[in-house]
Structures are given as structure tokens and as C-alpha cells.
Amino acid sequence: MRDIKNTILIVDDEVQIRKMLNIFLDASDYRIEESESGKQAVRMAHSIKPDLILLDLGLPDIDGKEVISQIREWSQVPIIVLSVRAMDEEVTTALNAGADDYVVKPFNADVLMARIKANLRKATVKQAGEPELLNGHIRMDLMRHEVYCDDKKVLLTPKEYKLLRFFMINRGRILTHRQILNEVWGPAHGEDTQYLRVYVGQIREKLERDPANPALIVTEPGVGYRMETMQTAILQAA
């Protein structure tokens, strides 16, 4: 099983900046994706769904503030601007466009890492409403990216973890195949229901008491899936 890492998308047309960011982000155990243009960054944000974006404003095709505006039409992913533009007007405009933070180049690596961690924590709590998700015998520690079943740690692949988190956040709701695929895999996989079926089966094998007769993640025939809201007392009595 691979460790589950937060994905950071670096958007900067300067190779040396991307290399430098790679060095200390990799050392801090983040998964890194790169883009050297604004339009490419918008496409990648849509397809890979990073956990955080580091964005330069001076891009070769479109201004970074336009990148922020386009991404904010559909996503609340944390965006930290890294720019040589230090004027108050530039900072204010970027924040008003939807950036979460603004760091002026050249920057201190320790300060940037602290900003990254703070924005990831804030986003985690904002999305889930709490840093830990509980549903019966399942517990997800969103800060540590750990999953427990009956208080025993369960190893999930990154995609299994992301899928389970989406179910846990939306427990009790019917989720269509398309909703789940768009959220976890991106719009390019909106019709891959067989792909989804395989991953749901894998999660059931790891978390259901009886995977052949699932009670946690149930199938809604012809529609999608629903994670039942489980009560700890009921599970203990079962």
C-alpha cells in the first residue's frame, strides 16, 4: 500500500522555482504536480484535483488572477500565491479573486511550509466540518490521513481513501455514479461505473463486517451508492 499524501500543484513558468519547491515539498512528503502555464493549470486542477495550489501570477499565457477566478467557478481548493509583485493593490486583487494566501518572492521556505500546512488544515475542516469523521465502527483522521475500523488501523490506497472520505462526508445521502466519479476521479471518468464498482468492492472488503452483504456502503440500483449512518450501540449489539 502506498502512503496517502496531499497533492500540491505548482504553477510557475520558471524551471528553477519549480525545482526549488520540489526539493523541500518532496522532503516534507507531499505529492507534487507541475504546470508552467495558466490554461494548463486550470485543466490540471480540474483533472487531478490537487489538495493545494502554489500559483505564480506572472504566467506566459494568462495572468494568475484569471487562473484563480476560473478555478473558483467550481472549486474551493486552497490557493497560495507566490509572486514578486509586492504592491498592496496586487495582493488585495489576488485575495479578492479568491486566493487564500499571498507570499512574496523571495520567500522563506519554513514560512511557506507553515502557510501550506495551515491552509491544508483549514481546508480539511472546512470540507468535512470537523477534523475527524466517525460512522459506527469507522473512524477517519483527516489530519493524519488514517482510517480505523474497530479501532484497528486499516491501510487504504490514496484513491480508496478519497472515495471513503467522500462517502463519510455525505453519509446518509444517495450519491449517483456520476457525482462520485466526478468528485474522486474527475469529469473525464464520469461514465466509468465499472471502475467505481471495483473500488467500492475493495473498500467493502476492508471495512464491512460481511462484505458479501454490505451494510455500510449499500448499492442504490441504477443510481449509485449510499453510506448508511451507523450507530455504534447497534453495531456492538450485532
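For the single chain, residues carry numbers from 1 onward in sequence order. Nothing here was measured: the structure is a model prediction, and the numbers come from that model.
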Nearest heavy-atom neighbours spanning Tyr161 and Glu146: CE1-N, 4.2 Å
Co-members of the apolar cluster containing Val15 [side chain, <4.5 Å]: none
Under-4.0 Å salt bridge between Arg18 and Asp12: no
Straight-line distance of Met168 CE to Leu134 CG, nearest 0.5 Å: 6.5 Å
Residues Arg209 and Asp150 bridged, charged N to O under 4.0 Å: yes
Non-hydrogen atoms of Ile203 and Glu160 that approach each other most closely: CD1-O, 3.6 Å
Evaluation steps, side-chain contact (heavy atoms from CB on, under 4.5 Å), between Arg72 and Ile79: CA-CA 10 Å; Arg72 282 293 175 257; Ile79 299 175; 3.7 Å; yes
Side-chain H-bond candidate by donor/acceptor type, Arg171 with Thr229, under 3.5 Å: no
Chi angles and distances behind the salt bridge (Lys or Arg N to Asp or Glu O under 4.0 Å) call for Lys105, Asp56: CA-CA 10 Å; Lys105 296 177 183 176; Asp56 183 31; 3.6 Å; yes
Heavy-atom pair with the smallest gap, counting every atom of Phe167 and Ile217: CD1-CD1, 3.8 Å
Smallest separation among heavy atoms of Asp61 and Lys39, with atom names: OD2-N, 3.0 Å
Side-chain H-bond candidate by donor/acceptor type, Gln179 with Asn170, under 3.5 Å: no
Over all atoms of both residues, closest heavy-atom pair of Arg204 and Thr219: NH2-OG1, 3.0 Å
Gln194-Arg197 side chain donor-acceptor pair, cut-off 3.5 Å: yes
Salt bridge (Lys or Arg N to Asp or Glu O under 4.0 Å) between Asp63 and Arg85, intermediate numbers included: CA-CA 12 Å; Asp63 191 81; Arg85 304 176 189 176; 3.0 Å; yes
Validation row: Tyr199, Lys162 side chains within 4.5 angstrom (heavy atoms): no
Shortest non-hydrogen separation from Ile8 to Leu25 and the atoms involved: CD1-CD2, 3.9 Å
